[in-house]
Protein chains: 2
Amino acid sequence: MNTHHLCLGILSLGEASGYEIKKAFEETFCHFQATSFGSIYPALAKLTEQGLVSFREETQEKRPTKKVFTITPAGHEHFYQTLLKSEPAEQYRSDFLFLMMFAHLLPQEHIKTLLNKQTENLEMELGILERILTECQTLTPGMRFTLEYGVTGNKALLKLMQQRSLQLLNEIDAARSPQES
Amino acid sequence: MNTHHLCLGILSLGEASGYEIKKAFEETFCHFQATSFGSIYPALAKLTEQGLVSFREETQEKRPTKKVFTITPAGHEHFYQTLLKSEPAEQYRSDFLFLMMFAHLLPQEHIKTLLNKQTENLEMELGILERILTECQTLTPGMRFTLEYGVTGNKALLKLMQQRSLQLLNEIDAARSPQES
DNA sequence: ACATACATGTAAATAGTTACATGATTTC
DNA sequence: GAAATCATGTAACTATTTACATGTATGT
């Protein structure tokens, strides 16, 4: 799944400009997909070239002119085929867990800071997901599911962070002490 | 955090060959970091050039000669500085959730298959993590923490999958019916 | 006979991020 | 006066994956 597919996906829900597609990824999909302008604009140009989307220019008062993209029937078909042949893969990369692996090398205060930041990050994301779930009325069942998936994971991890943080610090301390004495 | 840092991290725990570093990522770290030979070997060459690691060649009977890498004092210091300045960031990309967002476009049977595959993937990873936790005796407190973090997340998500899968299918069905009649 | 494990490495292709360039309008 | 929002786009850089190349030994 690359930026081309992400753009087609958003456009399958309704027309949008490149800027609006980016916003969708910052708002509704940020917890499981991300992309940047540097990928979106070239992707839209390529999709237009391939006839999978078309656009009209919309002049606005007091705002720059924007290109509003619409998915074509060929685009719908192409996106459908992509969905059918895609595997439900996941990739998770965590610098936080990598840092925790080497917590025994770090000063206790620094570990505390990292654990607090991670907890804050999880809380912030949880807040965003819950806000969308309650505020947005136009969500498809699938979208609601993805948000609940995020909420469930974050809640469980937050609980672990609260239960295990102190224990981790003590364990590291205990492993360090024998060598210092 | 890139392949250079990942290699230094593994080598900070003990000497290893490129092949063994790859194995470490397939076994103990697979749930939050991944890399490939095409990244590891060039990274080790660069690190050697920079004096952050050194190696000796070890000839083996009935096995190809291997290069055993050791982290240097400069390497330890460099790795420590990297750990200190790194933020506890996370990035999660899920084709599964992207597919679920567009579940309303897919045949019911296909959605079921995707949900089952995702459940199987979560179960498989959970099994691996729990096996390492019980079998490995030489884990640092931090490593134990990363494994428990994975176990907690996967268990919560598995529970959700069991509770919500049928409901999602029904919701999609209900949203589809009015248009068909 | 075929696949897998061991072992190292290169090259091409793919993909993505970041910074830059431009410029009006609105909010603090 | 500065920063943020709206709006599009390019170019350089960074990183990673995949496939290829080579070869032995072991297990099925």
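Chain identifiers are assigned alphabetically (A, B, ...) following the order of the sequence lines, protein sequences preceding nucleic acid strands; residue numbering begins at 1 within each chain.
- For B:Glu90 (side chain) and A:Arg93 (main-chain N/O), no donor-acceptor pair under 3.5 Å exists by modelled atom type.
- OP1 or OP2 of C:dT17 has at least one side-chain nitrogen or oxygen of A:Ser39 nearer than 4.0 Å.
- If you check D:dT16, D:dA7, D:dT17 against the side chain of B:Thr3, the one that comes closest is D:dT16.
- The number of heavy-atom neighbours closer than 6.0 Å to CG of A:Leu166, taken from other residues, nucleotides and ligands shown, is 12 or below.
- The residues A:Glu171 and B:Arg144 are annotated as not salt-bridged, no charged nitrogen and carboxylate oxygen being separated by less than 4.0 angstrom.
- In this structure, CE of A:Met1 is placed 17 Å from C1' of C:dG16, rounded to the nearest angstrom.
- Only A:Lys62, A:Pro64, listed by number, bring a heavy atom of residues 51-67 of chain A to less than 4.0 angstrom from any atom of DNA chain C.
- Heavy atoms of B:Gly18 sit under 4.0 angstrom from primed sugar atoms or phosphate atoms, though from no base atom.
- The interatomic distance linking B:Glu26 (CD) with C:dA5 (C1') rounds to 11 Å, in whole Å.
- Computed from coordinates, the B:Asn2 CG to C:dT18 P distance equals 14 Å when rounded to whole Å.
- Distance, B:Tyr19 OH to C:dG9 C1': 14 Å, rounded to whole Å.
- Within the 4.0 Å cut-off from OP1 or OP2 of D:dT17, at least one side-chain nitrogen or oxygen of B:Ser36 is found.
- As rounded to whole Å, 15 Å separates atom C1' of D:dT16 from atom NZ of B:Lys46.
- Proximity of the aromatic rings of B:Phe79 and A:Phe102 is defined here by a centroid distance below 6.0 angstrom, and this criterion is met.
- Judged by distance alone, with hydrogens and angles left aside, the side-chain atoms of A:His31 form a donor-acceptor pair with the main-chain N or O of A:Thr146 at under 3.5 Å.
- A:Tyr41 places its OH atom 17 Å from the P atom of C:dT18, with the value rounded to the nearest Å.
- One interatomic measurement links the two molecules: CD1 of A:Ile40 to P of C:dA15, which rounds to 16 Å at whole-angstrom precision.
- For the 3.5 Å distance criterion, the side chains of A:Tyr92 and B:Glu125 fail to qualify, holding no donor opposite an acceptor.
- Separating the NZ atom of A:Lys23 from the P atom of D:dA4 is a distance of 17 Å, rounded to the nearest angstrom.
- Where B:Phe69 and B:Arg93 each meet DNA chain C at their nearest nucleotide, the meeting point lying more 5' is that of B:Phe69.
- With A:Thr72 contributing its side chain and A:Leu52 its backbone, the two residues share a donor-acceptor pair below 3.5 Å.
- An angle of 50°, rounded to 10°, separates the two end axes of the helix from C:dA1-D:dT28 to C:dC28-D:dG1, each defined over five pairs.
- A salt bridge links B:Glu26 with B:Lys22: at least one charged nitrogen is closer than 4.0 Å to a carboxylate oxygen.
- Salt bridge status for A:Glu15 with A:Arg56: present, with a side-chain N to carboxylate O gap under 4.0 Å.
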